[in-house]
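Protein chains get the first letters and strands the later ones, always in sequence-line order, with residue 1 at the start of each.
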Number of protein chains: 2
Amino acid sequence: MSRNKRDELIRNALKIFYRNGFNATGMDLVAKETGVSKTSIYNHFRTKDELILAVLRLRDEDFRNWLFRRMEDLADTPQGQLLAMFDALEEWFAEDGYQGCMFVKASAEFQDAENAINRQSYAHKVLLEDHLTRLTEAAGCDAPRALARQLLILKEGAIVLAAMSHDKAPAREAKSVAQQLLSGA
Amino acid sequence: MSRNKRDELIRNALKIFYRNGFNATGMDLVAKETGVSKTSIYNHFRTKDELILAVLRLRDEDFRNWLFRRMEDLADTPQGQLLAMFDALEEWFAEDGYQGCMFVKASAEFQDAENAINRQSYAHKVLLEDHLTRLTEAAGCDAPRALARQLLILKEGAIVLAAMSHDKAPAREAKSVAQQLLSGA
DNA sequence: ATAAATATTTACAGATCAGTCAATGTGAGG
DNA sequence: CCTCACATTGACTGATCTGTAAATATTTAT
């Protein structure tokens, strides 16, 4: 299987898992929807969990690339970019098929703290926190690490509530909190 | 089956589903761990989904009772109670076996917006929002509904991050944001 | 005590689960 | 053209899934 084929398999599997959930999605469905036979899939991924991990690696890169790029496109200053995160989120929430954060859901379905999927899901959040911390530092905020964590809490809360309410409003509500936090810095 | 037996079945099922996840938990396991045979369970709940709905109803009552009671115990004024919510959350996060919010997880596993489990999960959040709104109104805040929603975002973000990081710190971090929001009112 | 009603059990059905294997298809090097 | 290495397949395994049916135990009413 070529690199491209493999990547496309992962990309298609991502869509299915995101739409259907991890445990609720059987490998037969993955095979059927990707057009790749189950044996072929298992030739490249030893277990379903390994396929899920590959999916999460792709999603981690895609999502961070998209979010950080969008923040840079929407604002010039570090402080502006931090606020623009919530505008980017609002765009995401408004997308058709928005179903919340894939990592939160993976973490919810694979709860064991020792599980690789659980650990990798949290690792994504750490990378987000790191980026936010760099921005709060660049913005010259007082307590950059603490502020970054607060902004991350706002982001996660908005993501969860937008998914549950099927409404993008939490993005703006979280943004207004972020504005107060950043203006007081 | 007596009311008590039935309630205890629901209570035991709650523990199993919370620990194991919904889709990942088979009815055979529920029967084994509750000591009630599968046929008996199906005599009282037509489907697994109905059992899950009963579990969520119990969890909704239990959790709101516990949280609101705890907030009242920890503070006298409405504003103090709103802040105390995050102290109560911190106690919850520190409990053994804390695994995040059952409704967020139910919503993540049953994503269809028309699904009864999905709807009931969101209904729980609406009830929480209503209570917070009553408190922000009682506290004489400027925009009570908007503030309540912001506090709810902080709560949900803290719950998710505490679960993913296996750390209770998000409770305090969210509380410090709440303090800024409430002091500016 | 006895009969009717209800609760519970064991055993099972049909579907689907993750994962495998023998057989087939395919493409590159000689 | 031929061969060999490899990719891919459909058919399969044993386990587990939700849900059920017939048989048994237990409670209740008379």
Side-chain angles (χ1 to χ4, degrees), chain A residues 1-57 105-106 108-112 114-118 120, chain B residues 1-57 105-106 108-112 114-118 120:
Chain A
M1 182 180 282
S2 70
R3 171 60 63 112
N4 283 347
K5 281 269 182 191
R6 187 188 147 103
D7 284 354
E8 187 160 354
L9 167 61
I10 297 174
R11 203 169 293 275
N12 283 328
L14 190 155
K15 286 182 197 160
I16 303 168
F17 284 132
Y18 185 63
R19 186 194 338 125
N20 251 49
F22 295 98
N23 283 316
T25 302
M27 292 298 279
D28 288 289
L29 182 65
V30 174
K32 187 178 156 196
E33 299 247 329
T34 60
V36 180
S37 78
K38 210 163 42 154
T39 311
S40 232
I41 297 175
Y42 274 103
N43 202 15
H44 294 277
F45 303 95
R46 278 168 44 212
T47 62
K48 181 183 180 182
D49 278 16
E50 283 206 2
L51 174 60
I52 293 174
L53 286 170
V55 162
L56 293 181
R57 270 189 292 272
K105 298 191 320 188
E109 289 204 53
F110 303 90
Q111 310 191 58
D112 182 359
E114 306 303 315
N115 184 296
I117 295 173
N118 188 283
Q120 190 165 315
Chain B
M1 184 180 278
S2 70
R3 172 58 64 113
N4 284 347
K5 281 268 182 191
R6 186 189 147 103
D7 285 354
E8 187 159 357
L9 167 61
I10 296 174
R11 203 168 293 275
N12 283 328
L14 190 156
K15 286 182 198 160
I16 303 168
F17 283 132
Y18 185 63
R19 187 193 338 124
N20 251 51
F22 296 98
N23 282 316
T25 301
M27 292 297 281
D28 289 290
L29 182 65
V30 174
K32 186 178 155 196
E33 298 246 330
T34 60
V36 180
S37 78
K38 212 165 39 155
T39 310
S40 233
I41 296 175
Y42 275 103
N43 202 15
H44 295 278
F45 303 95
R46 278 168 46 212
T47 63
K48 181 184 180 182
D49 278 16
E50 283 207 2
L51 174 61
I52 293 174
L53 286 171
V55 162
L56 292 182
R57 271 189 290 273
K105 297 192 320 189
E109 290 204 53
F110 303 89
Q111 310 191 57
D112 183 359
E114 305 304 314
N115 184 296
I117 295 172
N118 189 284
Q120 189 164 315

Open item on the list: Taking the side chain as everything from C-beta on, heavy atoms only, tell me whether A/M27 gets closer than 4.5 Å to A/L51.
Closed with: yes
Open item on the list: Let me check the geometry of the helix from C/dA1-D/dT30 to C/dG30-D/dC1. What is the bend angle between the axes at its two ends, five pairs each, to 10°?
Closed with: 0°
Task: Rounded distance (Å) that lies between atom P of D/dA7 and atom CG of A/L9 - done: 15 Å
Task: Pairwise side-chain contact, B/Q120 with B/F110, heavy-atom cut-off 4.5 Å (strictly under) - done: no
- [ ] Give the rounded distance in Å between these two atoms: CZ of A/F45 and C1' of C/dG19.
- [x] 15 Å
Task: Donor-acceptor contact below 3.5 Å, side chain A/E50 vs main chain A/Y42 - done: no
Task: Residue among B/I10, B/L29, B/I16 satisfying side chain to side chain contact (heavy atoms under 4.5 Å, CB included) with B/T34 - done: B/I16
Task: Single hit among B/I41, B/D49, B/N43 for side chain to side chain contact (heavy atoms under 4.5 Å, CB included) with B/F45 - done: B/I41
Open item on the list: Using a 4.0 Å heavy-atom cut-off to protein, can you give one letter per nucleotide of nucleotides 14-27 of chain D, 5' to 3': B if the base is in contact, S if only the sugar-phosphate is, - if neither?
Closed with: ---SBBBB------
Open item on the list: Under the salt bridge (charged side-chain N to carboxylate O under 4.0 Å, His left out) definition, can you give me all pairs with a residue in residues 13-23 of chain A, not counting sequence neighbours?
Closed with: A/R19-A/E33
Task: Closest contact, heavy atoms only, B/L56 versus B/F22 - done: CD2-CZ, 4.3 Å
Open item on the list: Can a donor-acceptor pair be found, under 3.5 Å and without considering hydrogens, that links the side chain of A/E109 to the backbone of A/G21?
Closed with: no
